[in-house]
Amino acid sequence: LAPIIQRAHERGAKVLVDGYQAIGSLPLSAPELGADYIAGGCLKYLLGTAGLAFMFVRNSESEALVPTTSGWFAQQNIHAMDIYHNDPARAARRFESGTPNVSAIYACIAGIEYLMSVGLESVYQQVAHLTSLVAAESNSRGWKLVTPSAADRHGALMALACTDAPLLVERLGEQGIVVSERDNNLRVSPHFYNNDADIQSLFSALERHSGLVEKL
């Protein structure tokens, strides 16, 4: 991704990366990536809960944009309580809104601390291993993966084409296997706490409902 961002910068473009489906499943350095803006949330791979999101803004970009919506936490002086003037903070805090979801913050801190105790490199290696198993098991059965199989072309989320994804999700749920569906595709999202046995259990269950999986 970094070379693509570099080429965009050479053309004078600014780059915003939506990292919601990646942050927490792999190491990510904002300076090394080179994006001007990176947005994400704590609900998914950061093991948090809903109601809390974040955005990185490059220092040189902090004052370049004026938010179209605002709140008291976005003001230069959050204690001014001035309803007649808009004085955005000089740094990225200008993109905040009102009072944050305080209860969610505690859950998200716990999730992030747990991830850091495991180590993001270890998390990445396990996720990469499990997604490679999903690709290999799907390909060996001649099932249609919507996600590219090559490791450098997908993240932690793998999508398997289905003939009736909602029904398949329901059938798998009855067997204690938690997956989801999008656009009639089965969405498999392993994390570091999953293991090879989980992937084998998934595909054993899929074998029993193979009529709901689309073939190549």
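Only this structure's heavy atoms are used, side chains among them; waters, hydrogens and symmetry mates stay out. Each residue takes its place number in the sequence, starting with 1.
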Compare every heavy atom of [Y] with every heavy atom of [X], then report the nearest pair and how far apart it is.
X    : Y    : value
L43  : A50  : CD1-N, 3.6 Å
S25  : H191 : CA-CE1, 4.4 Å
A156 : T131 : O-CG2, 3.8 Å
F73  : R93  : O-NH1, 2.8 Å
Q21  : R187 : NE2-NH1, 4.1 Å

If we ignore hydrogens and angles and just use 3.5 Å, is the side chain of [X] paired with the main-chain N or O of [Y] as donor and acceptor?
X    : Y    : result
R153 : T147 : no
D198 : N195 : yes
T163 : G211 : yes
D183 : N185 : no
N184 : C162 : yes
R182 : S180 : no
R94  : S62  : yes

Close side-chain approach of [X] to [Y], heavy-atom, < 4.5 Å:
X    : Y    : result
I105 : P100 : yes
L47  : I112 : no
F95  : L65  : yes
Q126 : N194 : no
N77  : D87  : no
R141 : K215 : no
W72  : S97  : no
Y45  : L26  : no

Any chance CD of E32 has more than 12 other-residue heavy atoms, nucleotides or ligands included, within less than 6.0 Å?
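Counting other residues, nucleotides and ligands, CD of E32 stays at 12 neighbours or fewer.
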If you draw a 6.0 Å radius around CE in M116, do more than 12 non-hydrogen atoms from other residues or ligands fall strictly inside?
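Atom CE in M116 is not crowded, with 12 or fewer foreign heavy atoms closer than 6.0 Å.
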Who else is in L130's hydrophobic cluster (ILVMFWY, side-chain heavy atoms under 4.5 Å, direct or via others)?
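L130 shares its hydrophobic cluster with L133, V134, W143, L145, M158, L160, L167, L168, V169, L172, I177, V179, L186, V188, I199, L202, F203, L206, L212, V213.
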Looking at [atom1] of [X] and [atom2] of [Y], how far apart are the two atoms once the value is rounded to the nearest 0.5 Å?
X    : Y    : atom1 : atom2 : answer
D164 : E214 : CG    : CD    : 12.0 Å
S201 : D196 : OG    : CG    : 10.5 Å
R58  : Y37  : CZ    : OH    : 9.5 Å
F54  : I23  : CZ    : CD1   : 4.0 Å
S149 : H154 : OG    : NE2   : 7.0 Å
E96  : T69  : CD    : OG1   : 12.0 Å

Establish whether [X] and [Y] are linked, either directly or via other cluster members, by ILVMFWY side-chain heavy-atom contacts under 4.5 Å.
X    : Y    : answer
V57  : V17  : no
I5   : L28  : yes
L1   : F56  : yes
Y124 : V118 : no

Is it true that H85 and D82 share a donor-acceptor pair across their side chains at a distance under 3.5 Å?
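A donor-acceptor contact under 3.5 Å links the two side chains.
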Return yes if a side-chain donor-acceptor contact under 3.5 Å exists between N86 and Q75, otherwise no.
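Yes.
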Determine, stepwise, if the pair I38 / L16 fulfils side chain to side chain contact (heavy atoms under 4.5 Å, CB included).
CA-CA 6 Å; I38 304 173; L16 185 153; over 6 Å; no
Kindly determine whether L120 and S122 satisfy side chain to side chain contact (heavy atoms under 4.5 Å, CB included), including the steps that lead there.
CA-CA 5 Å; L120 285 177; S122 297; over 6 Å; no
Do NZ/NE/NH1/NH2 and the carboxylate oxygens of K14 and E61 come within less than 4.0 Å?
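Between E61 and K14 there is a salt bridge, with a charged N closer than 4.0 Å to a carboxylate O.
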Can we call the ring centroids of F192 and Y114 under 6.0 Å apart?
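That pair passes the under 6.0 Å test.
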